[in-house]
Protein chains: 2
Amino acid sequence: MAADDLQVHQCDAAITLAFSILGKRWNGMIVAVLGSGPLSFVALRRAVTGISDAVLSDRLSELADAGLVTRSVDPGPPVAVAYALTASGEELQPVLQELGRWALENMAHIAHR
Amino acid sequence: MAADDLQVHQCDAAITLAFSILGKRWNGMIVAVLGSGPLSFVALRRAVTGISDAVLSDRLSELADAGLVTRSVDPGPPVAVAYALTASGEELQPVLQELGRWALENMAHIAHR
DNA sequence: TTAGTCGCTCTGTTTTTCTTAGCGGCTCTG
DNA sequence: CAGAGCCGCTAAGAAAAACAGAGCGACTAA
């Protein structure tokens with residue numbers, strides 16, 4: 001009977017979709033650091049403090065599959081691989097920036113483990 | 001020598017902070033559904049399709065610790081618990097909405113596993 | 001030659017997440 | 001009153017993800 005039970009609240013499909021990518025550890029940070037320009041594998045590993053090679057490799061594949069980043073190989077001879085954002089990735093940037101602002105204003109005090 | 005190596009790219013601390021919460025599975029969705037008003041434990045579980053009791057319980061504690069949601073008990077007699085957003089949680093709403101818009105425009109085509 | 005960087009992958013361990021089951025308090029039905 | 005069901009959890013074990021660390025092929029710089 002409770003009226004609020006008759007109203008079926010369901011999680012927005014768009015949000016669910018967004019968090020199927022961003023809701024995984026590291027993905028948000030990877031996209032955020034790529035926001036300031038293409039980076040090599042090693043540069044990414046350095047930028048995203050704490051991530052391991054294996055996981056970074058995994059995440060980059062996922063992000064590539066999802067169409068957020070591209071992997072381009074320049075066979076120098078010293079073969080160099082560069083990861084960069086796609087248009088989709090770029091469009092995510094302003095949202096990430098606001099997220100950053102929010103965190104500064106609302107989470108700065110949180111003692112992080 | 002390489003100029004791009006001298007420039008130390010490091011992941012923005014604010015983004016890292018934000019994703020220490022939002023980068024965990026379910027958290028974003030929980031905050032998003034609470035955006036449309038306080039909900040009971042069971043209502044939340046129904047709204048966030050796929051989450052289990054144990055994990056929802058865990059996540060709610062985390063979100064409460066982080067100051068994003070509150071847990072208020074009304075000892076009816078039929079004891080009723082309501083979870084709601086704090087001011088911090090509310091401020092996250094607009095960002096989540098933009099994230100939803102972004103997902104619609106950029107991820108709708110992704111075949112989701 | 002030796003040492004070092006880059007871009008990974010493989011192995012095995014630890015952490016996280018998930019599934020399943022159950023419990024006490026309450027209400028609703030017969 | 002005796003089930004049966006909903007609410008709000010928690011405990012225990014299994015499955016999945018993340019982790020550290022070693023190693024490897026191709027290359028370069030000393």
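A note on names: the letters A, B, ... follow the listed sequences, proteins ahead of strands, and every chain is numbered from 1.
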Asks: For A/L56 and C/dC8, what is the distance between atoms CG and P respectively, to the nearest whole Å?
Replies: 9 Å
Asks: How long is the line joining CD1 of A/I51 and P of C/dG7, in whole Å?
Replies: 15 Å
Asks: Is it the case that the side chain of A/S20 and the backbone of A/L17 share a donor-acceptor pair, with hydrogens and angles ignored and the cut-off at 3.5 Å?
Replies: yes
Asks: Using atom NZ of B/K24 as one end and atom P of D/dA17 as the other, report the distance to the nearest whole Å.
Replies: 16 Å
Asks: Would you say A/W26 reaches D/dC19's phosphate, i.e. side-chain N/O to OP1/OP2 under 4.0 Å?
Replies: yes
Asks: Atom CZ of A/F41 and atom P of D/dA26: how far apart are they, to the nearest Å?
Replies: 18 Å
Asks: Can you tell which of C/dC6, C/dC8, C/dT17 lies closest to the side chain of A/R46?
Replies: C/dC6
Asks: Is A/S57 close enough to C/dT9 that one of its side-chain N or O atoms is under 4.0 Å from OP1 or OP2 there?
Replies: yes
Asks: In this structure, how many angstroms lie between the C1' atom of C/dC6 and the CG atom of A/D53, rounded?
Replies: 10 Å
Asks: What is the distance from CZ of A/R25 to C1' of C/dT15, rounded to the nearest Å?
Replies: 9 Å
Asks: Hey, does the side chain of B/R59 reach the backbone of B/R25 with a donor-acceptor pair shorter than 3.5 angstrom?
Replies: yes
Asks: Less than 4.0 angstrom between a side-chain N/O of B/R45 and OP1 or OP2 of D/dG8, yes or no?
Replies: no
Asks: Pick base, sugar-phosphate or nothing for B/R59, based on heavy-atom distances below 4.0 Å to the nucleic acid.
Replies: sugar-phosphate
Asks: Using only atom types and a distance under 3.5 Å, with no angle test, would you say the side chain of A/W102 pairs donor to acceptor with the backbone of A/M107?
Replies: no
Asks: Respond yes when some side-chain nitrogen or oxygen of B/Y83 is under 4.0 Å from OP1 or OP2 of D/dC7, and no when none is.
Replies: no
Asks: Below 4.0 angstrom from OP1 or OP2 of D/dG8, is there any side-chain N or O of B/S40?
Replies: yes
Asks: Please pick, from D/dC19, C/dT17, C/dC8, the nucleotide with the shortest atom-to-atom distance to any side-chain atom of A/V81.
Replies: C/dC8
Asks: Closer than 3.5 angstrom, by distance alone: can the side chain of A/S72 be matched with the main-chain N or O of A/A82 as a donor-acceptor pair?
Replies: yes
Asks: Return yes if some donor-acceptor pair links the side-chain N/O of B/S40 with the main-chain N/O of B/V81 below 3.5 Å, else return no.
Replies: no
Asks: What's the closest nucleotide to the side chain of B/V42 if the choices are D/dG8, C/dT17, C/dT20?
Replies: D/dG8
Asks: Taking CG from A/L60 and P from C/dC6, how many angstroms apart are they, rounded to a whole number?
Replies: 16 Å
Asks: Map A/A54 and B/A82 onto DNA chain D by nearest heavy atom, then report which one ends up closer to the 5' terminus.
Replies: B/A82
Asks: Tell me: CG of B/D58 to P of C/dT15, nearest whole Å?
Replies: 16 Å
